[in-house]
Structure formats: structure tokens, C-alpha cells
Amino acid sequence: MSSKTNMSRRALLGAAGIGALGIATAAAASANERPHHGHDRPMNGNRRDGARFHGSNQAGIATPIQASLQFAAIDTTVRTRAELASLLRDWTAAAAQLTSALPVGRTGAVNGGPSAIPEDSGEALDLPSANLTVTFGFGPSLFRHPSKGDRFGILDRKPASLNDLPAFKGDALVAGRTGGDLCIQACADDAQIAMHAVRNLMRVADGRAKVRWTQAGFNRSASLDQVTTTPRNLFGFRDGTNNIPSSDRGIMDDSVWARGSDGEGWMEGGSYLAVRQIRMIIDTWDEEPLDEQEKIFGRTKLTGAPLSGGTEFTAPDFARKGADGKPLIDPTSHMALASPHANGGVRILRRAFNYANPDDSSGKPDVGLFFMSYQRDLARQYIPMQRKLAESDLLNEYVKHTASAVFAMPPGARGPGDFIGSSLLN
């Protein structure tokens, strides 16, 4: 048996969790809601065109959110900067093929001959791209590893705010579900296509990378594009009402896209990703009366309107009081603490997916929200907001944060001759 065969099978074993979680989520993905970013929502029920892979920004950040997610935090085993660049070149070429609904490699799944190991695993044969986006990121340990130090000679180019998140009050992080040298975020309107993307990128890595931890997620099915209301999380509330409209270039430039003038020129056109897996204690939540649930969120459950009145998109009036003299919106409600009003006008781009894993060892459901946010500066935007929520949010009684990571998401590959990370490594 050749070393190539052994390495390919090891890469597949390292990605085994991807297949298990992707398959477990596929059925759920077809029956749940798909969120939209403000003005990006399609109003006529038509399916969107496939996302473009090449460009100054990576797709999968401003792209309207799809139905399914496959996320993988990855550690690399390469030792030199040249080897790291080679891995990223190979991943970039494969991602361009995947997002064009093309088989990976030169021979794909079936054209290499009967005795050859297929370059593509084949489960996406005959399927369209389903709006697949593949987005790559670099974790803090890529720049300075706890035991290997500045292994790639790029420590002097590490963004100042790219550090592991601090411990937040109430964190219940699961061992092995934090950090990662690299990440792959694959989003598509079909769960099998998203899983296929990450699975085959790990096969392309061929022993140069291994999965550290992974998670699948789901939102509204693409077949429900005619449903244009804001999606609901697994607590039953509309989720993402006040999200940044990713079609608003001015807000995106101010709050999401990194600039070279921020400190690292190579990040111009990139962004910073914060990942938090939020397990929902639904058996406790489901026993709460409606008025208590609405108090916790600060919004009505039916329409999503703020408790101060109006419709879902009415600006909340945090000063308005009820007959008892108390604010209609509790100052420690989730909406109040997460609002720009409470955070000096700071906004983030949310990209959240519901998730449903197998029950834990005690038989309790492991379901919740796989929360991802994109921002221009982690230290200025995400960390102060999350610290405020961790200290006082009424919702904390019903959630546990079980996974956590941050990544620098570099600018896009500008054309077929470019690769993700070239601005850092060249």
C-alpha cells in the first residue's frame, strides 16, 4: 500500500466528525428557517445565483446566509512557511472548483481509472453549487503556537486583536472545542454539498492538516425562499432582526471589513470572526410562561416587535415606562444589552445557525445556536459586547457557551493565479 494511500485515509479519518455531524443535520436543515441580512432578503421567492469565489473579499461573509453550515476548526501539521503556502494554494484551487459545482482535482470522482483512488469523494456528483461558499480563516496559534512558537515566521504580522477570547463569566467550554490554527466555513443551500466541501478539502490536505473540532448547522430551507420573515432560533424568537444589512457598503466598511490602516496591511478587505457555540437549555426554557420569555428577550414572540411598541423593525424605546413606572424593555434583557444603544453604537455582522447534535450522555438535548459574528476589530466590538452579556443577560440562565474560537479571515483570492493568504505569506 502506498504512502499516498495511507495519508489519504488518515486525512479522511481526521475528518470523520464532519460526516457524522453533516448527516445528522441534513434532515433538520430541510425543515427550518433561513435568515437573511436586512435588504439582502429575496422578496420574490427566486433562488439566488451561485456565489462568486474570487474577489477582493472572501465569499461567505457578506453573502446572504444559506440553509446549511459545515464549520471545521483545523490544526496544520506542516512545518515550513512554503508548505503552509502550498496547502493554502491547493485549498484555494479546490474551493474554486467546489463553488463552481466542479469535481475536485484533475480526475474528480470517476475519471481516474478503475484502480485509482478518486480525487473527489463523489457525493456531490450531479448536484448544483447550491450557493456554496467556502471561507478560510487563520487562528492565533498559526502565528504563535503554544509549544512551537513562531513556526512560520509570521508572528510580527499577527493582528493586535487576534488573541484567544478571554474567559467570560459562565463559560462552560468543552475540552477540545476551542481554537484552531485554521478554519473552514462552508455554507450552502444543501447540507450534503456543504459537508462534501469540507470533507474534500481535508482530503486535498492529505495529511497536512487535521480536524480539531467541527459543527454542522441549519437554517430555513432554500425551498422556503417565499417565506421572508426573520427566522427563529430554537427558543422560538425571531433571530437577527437588527443585524447589519450586508448590502450596505458604508456600514460594512465601517464595522466589518478590515483596513490596512488598522495595523496590518495584509488584512485589507478581510474581517475577524468570533465563534461561540451556545447550547440552549430548552427543557427549562419550555417551562417558562410567555410573558417571562418575552421579558428575557425584550421582544414579543409572535411578531418580534420591541416591548416598547411598534413592529419588528421599530426602533426600541429603552426609556419608555409602563404603568408601574418600570421600563417596558428590561435593561438586562438580551436585546437591550446587545443593542448598539448599550454598546456605544458598535455593531457586528451576525451569521448564526441553529444546531442539533445527538443527546448528551445524560439524555439531555444538545441543541442551540452556532453563533458567528464578523467585525473589523474583535477587541473594540465583540469582546466588550460579550462581556456585558455574560455579566447581566437574563438569557444566561437558559444557555451555556460550549465552544469558542477567533480567526482572522483574510481577503479573497483575486483571480485564478492568487490564493487565500497570499497577502500574508508572499
Side-chain angles (χ1 to χ4, degrees), residues 28 31-36 38 41 168-172 218-220 224 227-243 276-343 347-348 350 352-356 359 363-371 373 385-402:
N32 286 273
E33 297 183 320
R34 177 159 65 111
H36 303 278
R41 67 184 58 174
F168 295 109
K169 182 179 178 180
D171 273 0
F218 59 90
N219 282 307
R220 182 159 59 217
L224 298 180
V227 180
T228 57
T229 55
T230 306
R232 295 183 186 271
N233 58 40
L234 298 185
F235 281 151
F237 278 75
R238 295 188 179 183
D239 193 278
T241 295
N242 197 36
N243 201 15
R276 299 281 284 180
Q277 184 162 352
I278 306 170
R279 181 173 177 177
M280 295 178 170
I281 315 304
I282 57 173
D283 49 354
T284 302
W285 175 263
D286 288 346
E287 297 302 316
E288 294 291 354
L290 177 61
D291 60 353
E292 183 66 16
Q293 292 184 357
E294 292 183 333
K295 175 185 176 182
I296 290 167
F297 270 98
R299 293 184 178 274
T300 65
K301 194 168 190 176
L302 177 61
T303 68
L307 295 182
S308 56
T311 64
E312 179 182 356
F313 299 102
T314 299
D317 184 350
F318 296 107
R320 186 176 180 185
K321 297 180 179 180
D324 59 1
K326 296 180 180 179
L328 289 171
I329 300 174
D330 193 299
T332 57
S333 67
H334 183 71
M335 178 184 70
L337 291 174
S339 70
H341 173 83
N343 292 280
R347 301 185 70 179
I348 59 176
R350 302 171 80 264
F353 289 79
N354 296 319
Y355 80 88
D359 292 352
K364 297 287 187 180
D366 181 3
V367 303
L369 193 71
F370 194 75
F371 178 88
S373 73
M385 182 184 300
Q386 180 54 37
R387 185 173 283 125
K388 187 185 296 285
L389 290 167
E391 287 292 330
S392 307
D393 192 354
L394 289 174
L395 194 58
N396 289 340
E397 183 179 348
Y398 308 93
V399 299
K400 292 180 180 180
H401 290 252
T402 58

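The residues of the chain are indexed from 1 along the displayed sequence. The model shown is predicted, which means the values in this text are computed figures rather than measured ones.
Asp171 pairs by the side-chain contact (heavy atoms from CB on, under 4.5 Å) definition with Phe168, Leu173, Arg276, His401, not counting sequence neighbours. Considering only residues two or more places apart in sequence or on other chains, Glu294 meets the side chain to side chain donor-acceptor pair (under 3.5 Å) condition with none of them. Every residue meeting the ring pair (Phe, Tyr, Trp, His ring centres under 6.0 Å) condition with Phe237, not counting sequence neighbours, appears here in chain and number order: Phe297. Evaluation of the salt bridge (Lys or Arg N to Asp or Glu O under 4.0 Å) rule for Asp366 yields Arg279 as partners, not counting sequence neighbours. By the side chain to side chain donor-acceptor pair (under 3.5 Å) test, Glu288 pairs with Tyr398, sequence neighbours left out. Taking the side chain to side chain donor-acceptor pair (under 3.5 Å) definition, one finds that Ser308 meets it with nothing, sequence neighbours left out. Here Lys321 pairs with nothing under the salt bridge (Lys or Arg N to Asp or Glu O under 4.0 Å) rule; sequence neighbours left out. Asp291 pairs by the salt bridge (Lys or Arg N to Asp or Glu O under 4.0 Å) definition with nothing, not counting sequence neighbours. Considering only residues two or more places apart in sequence or on other chains, Asp393 meets the side-chain contact (heavy atoms from CB on, under 4.5 Å) condition with His334, Leu337, Leu389, Leu395, Asn396. Among residues two or more places apart in sequence or in another chain, the side chain to side chain donor-acceptor pair (under 3.5 Å) test is passed with Lys364 by Asp283. Applying the side-chain contact (heavy atoms from CB on, under 4.5 Å) criterion to Asp286, with sequence neighbours excluded, gives Ile282. Residues meeting the side-chain contact (heavy atoms from CB on, under 4.5 Å) test with Asp330, sequence neighbours left out: Lys295, Thr332, Ser333, Leu394.
The line from CZ of Phe218 to OH of Tyr355 is 10.0 Å long, rounded to the nearest 0.5 Å. To the nearest 0.5 angstrom, Asn343 atom CG is 12.0 Å from Arg387 atom CZ. To the nearest 0.5 Å, atom CD of residue Glu287 and atom CD of residue Glu292 are 13.5 Å apart.
For the pair Pro306 and Thr314, the tightest heavy-atom approach, listed with the atom from each and the gap, is CG-O, 3.5 Å. Of all heavy-atom pairs spanning Ile348 and Ser373, the tightest one is CD1-CB, 3.7 Å. Taking both residues in full, the closest heavy atoms of Ala172 and Lys400 are given as CB-CB, 4.3 Å, listed atom of the first, atom of the second, then distance. Closest approach of Asn233 and Asn354 over heavy atoms only: CA-OD1, 3.6 Å. Scanning both residues, Ala352 and Asp239, for their nearest heavy atoms gives CB-OD1, 4.4 Å. Nearest heavy-atom pair, Ala342 versus Ala336, reported as atom, atom and distance to 0.1 Å: CB-O, 3.2 Å.
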Using the side-chain contact (heavy atoms from CB on, under 4.5 Å) rule, take Leu369 and Arg350 through it: C-alpha gap first, then chi angles, then the decisive distance, then the call. CA-CA 12 Å; Leu369 193 71; Arg350 302 171 80 264; 4.0 Å; yes
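You'll find the side chain of Met280 reaches within 4.5 Å of the side chain of Phe235, heavy atoms only. No side-chain heavy atom of Asn242 sits less than 4.5 Å from a side-chain heavy atom of Met335.
Under a 3.5 Å cut-off, the side chain of Arg232 and the backbone N or O of Lys301 do form a donor-acceptor pair. At least one donor-acceptor pair under 3.5 Å links the side chain of Gln293 to the backbone N or O of Trp285. The main-chain N or O of Glu312 is found under 3.5 Å from a side-chain atom of Arg299 such that the two form a donor-acceptor pair.
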